[in-house]
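A quick write-up on the structure given underneath.
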Amino acid sequence: MTNKDKQYALDLRYLRMARIWAENSYCKRRQVGALVVKGNTIISDGYNGTPSGFKNICEDDNNITHPYVLHAEANAITKLARSSNNSDGATLYVTDSPCIECAKLIIQAGIKRVVYSRNYRLEDGLNLLRKAEIEVIYLNPDDNESE
């Protein structure tokens with residue numbers, strides 16, 4: 001197995017793990033999970049949801065997401081700020097492509113690769129990541145179930 005094949009297999013595995021982590025989200029419209037991996041070690045994780053101390057209700061009665069709900073990437077990156085780890089050169093595995101606000105956090109965190117499995121309706125986050133020369137990879141584990 002080549003190094004490229006090994007990396008591909010790892011990327012698929014971590015994406016599947018991010019999907020499982022997304023199941024922790026209380027959001028009804030969309031559950032998103034994220035893992036920050038450095039040196040083949042998960043150094044942080046996150047899923048979309050409300051800030052600490054808020055009720056775990058992401059949407060209002062009209063099924064509109066509350067503006068204070070944090071995205072999975074933001075939760076994973078801010079969790080790093082409270083740990084002894086740093087994300088310089090790390091890979092972010094996320095179930096959905098990052099929005100522009102999360103892309104800014106990813107850039108500032110020193111993350112160098114983003115691997116995602118589902119497209120978000122806007123591409124401005126991906127475009128910003130590419131402009132910052134961050135490697136962006138789309139992989140869908142469902143297309144590779146046998147691996």
Side-chain angles (χ1 to χ4, degrees), residues 1-54 56-58 65-147:
M1 184 180 268
T2 68
N3 283 343
K4 188 176 179 179
D5 291 337
K6 288 178 186 175
Q7 185 61 59
Y8 181 77
L10 274 175
D11 287 345
L12 286 173
R13 189 172 306 132
Y14 284 125
L15 274 177
R16 286 192 298 267
M17 292 170 72
R19 281 188 174 178
I20 291 167
W21 200 243
E23 294 173 12
N24 290 312
S25 173
Y26 286 88
C27 296
K28 295 176 185 170
R29 290 181 58 217
R30 183 179 293 243
Q31 294 180 312
V32 181
L35 300 174
V36 180
V37 176
K38 187 173 180 179
N40 293 331
T41 299
I42 297 169
I43 61 170
S44 191
D45 54 60
Y47 51 87
N48 57 326
T50 57
S52 299
F54 284 66
N56 286 321
I57 300 171
C58 298
T65 300
H66 292 296
Y68 52 81
V69 169
L70 291 160
H71 289 186
E73 307 95 314
N75 268 325
I77 291 168
T78 56
K79 187 185 265 189
L80 278 167
R82 299 177 86 178
S83 76
S84 60
N85 290 314
N86 76 68
S87 51
D88 284 336
T91 298
L92 173 74
Y93 294 91
V94 61
T95 57
D96 295 60
S97 60
C99 70
I100 189 120
E101 294 302 319
C102 288
K104 292 183 223 177
L105 293 174
I106 291 164
I107 293 165
Q108 289 302 97
I111 293 169
K112 295 300 177 198
R113 291 178 77 233
V114 174
V115 183
Y116 70 98
S117 62
R118 192 167 52 185
N119 285 306
Y120 181 62
R121 60 183 168 82
L122 302 173
E123 292 190 17
D124 48 355
L126 293 175
N127 293 336
L128 184 63
L129 292 172
R130 290 182 185 112
K131 186 174 183 177
E133 298 182 2
I134 292 173
E135 184 180 6
V136 176
I137 300 166
Y138 168 80
L139 281 180
N140 188 340
D142 292 337
D143 296 339
N144 302 283
E145 292 264 325
S146 61
E147 295 182 33

Hey, does [Y] have a side-chain heavy atom less than 4.5 Å from the side chain of [X]?
| X | Y | answer |
| --- | --- | --- |
| Ile100 | Lys104 | yes |
| Ile77 | Ile111 | yes |
| Thr50 | Tyr68 | yes |
| Arg16 | Leu12 | yes |
| Val114 | Ile134 | yes |

Who are the side-chain hydrogen bond (donor to acceptor under 3.5 Å, both in side chains) partners of Thr41, not counting sequence neighbours?
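Listed in chain order: nothing, the list is empty.
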
Minimum heavy-atom separation for [X] and [Y], please, with both atom names.
| X | Y | value |
| --- | --- | --- |
| Glu73 | Cys99 | OE2-N, 4.4 Å |
| Gly49 | Asn75 | N-ND2, 4.1 Å |
| Ala76 | Gly46 | CB-N, 3.8 Å |
| Glu23 | Gln31 | O-NE2, 3.8 Å |
| Ala22 | Gly33 | CB-N, 3.3 Å |
| Asn119 | Leu126 | OD1-CD1, 4.4 Å |

Taking only residues at least two apart or on different chains, which pairs with a member in residues 79-90 satisfy side-chain hydrogen bond (donor to acceptor under 3.5 Å, both in side chains)?
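Every pair satisfying side-chain hydrogen bond (donor to acceptor under 3.5 Å, both in side chains) with a residue in residues 79-90: Lys38-Asn86, Asp45-Lys79.
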
Counting N and O atoms only, with roles assigned by atom type, does the side chain of [X] sit under 3.5 Å from a partner on the main chain of [Y], one being a donor and the other an acceptor?
| X | Y | result |
| --- | --- | --- |
| Thr95 | Ala18 | no |
| Asn48 | Val69 | no |
| Asp96 | Tyr120 | no |

With rounding to the nearest 0.5 Å, note down the distance linking [atom1] in [X] to [atom2] in [Y].
| X | Y | atom1 | atom2 | answer |
| --- | --- | --- | --- | --- |
| Arg29 | Thr65 | CZ | OG1 | 4.0 Å |
| Leu92 | Arg113 | CG | CZ | 10.5 Å |
| Leu129 | Asp124 | CG | CG | 10.0 Å |
| Met17 | Leu10 | CE | CG | 10.5 Å |
| Leu139 | Ser117 | CG | OG | 8.5 Å |
| Leu105 | His71 | CG | NE2 | 10.5 Å |

With a 3.5 Å cut-off and no angle check, do the side chains of Asn3 and Gln7 form a donor-acceptor pair?
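No - no donor-acceptor pair under 3.5 Å links their side chains.
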
Among residues at least two apart in sequence or on other chains, which ones pass disulfide (SG to SG under 2.5 Å) with Cys102?
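For Cys102, no residue satisfies disulfide (SG to SG under 2.5 Å) once neighbours in sequence are set aside.
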
Going by disulfide (SG to SG under 2.5 Å), name the residues that satisfy it together with Cys27, two or more places apart in sequence or in a different chain.
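Partners of Cys27 under the disulfide (SG to SG under 2.5 Å) test: Cys58.
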
What ring-ring contact (aromatic ring centres under 6.0 Å, His included) pairs are there with at least one residue in residues 81-119, not counting sequence neighbours?
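Passing the test, one end in residues 81-119: Tyr14-Tyr93, Tyr116-Tyr138.
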
All salt bridge (charged side-chain N to carboxylate O under 4.0 Å, His left out) counterparts of Arg130, not counting sequence neighbours
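Arg130 satisfies salt bridge (charged side-chain N to carboxylate O under 4.0 Å, His left out) with no residue once adjacent residues are dropped.
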
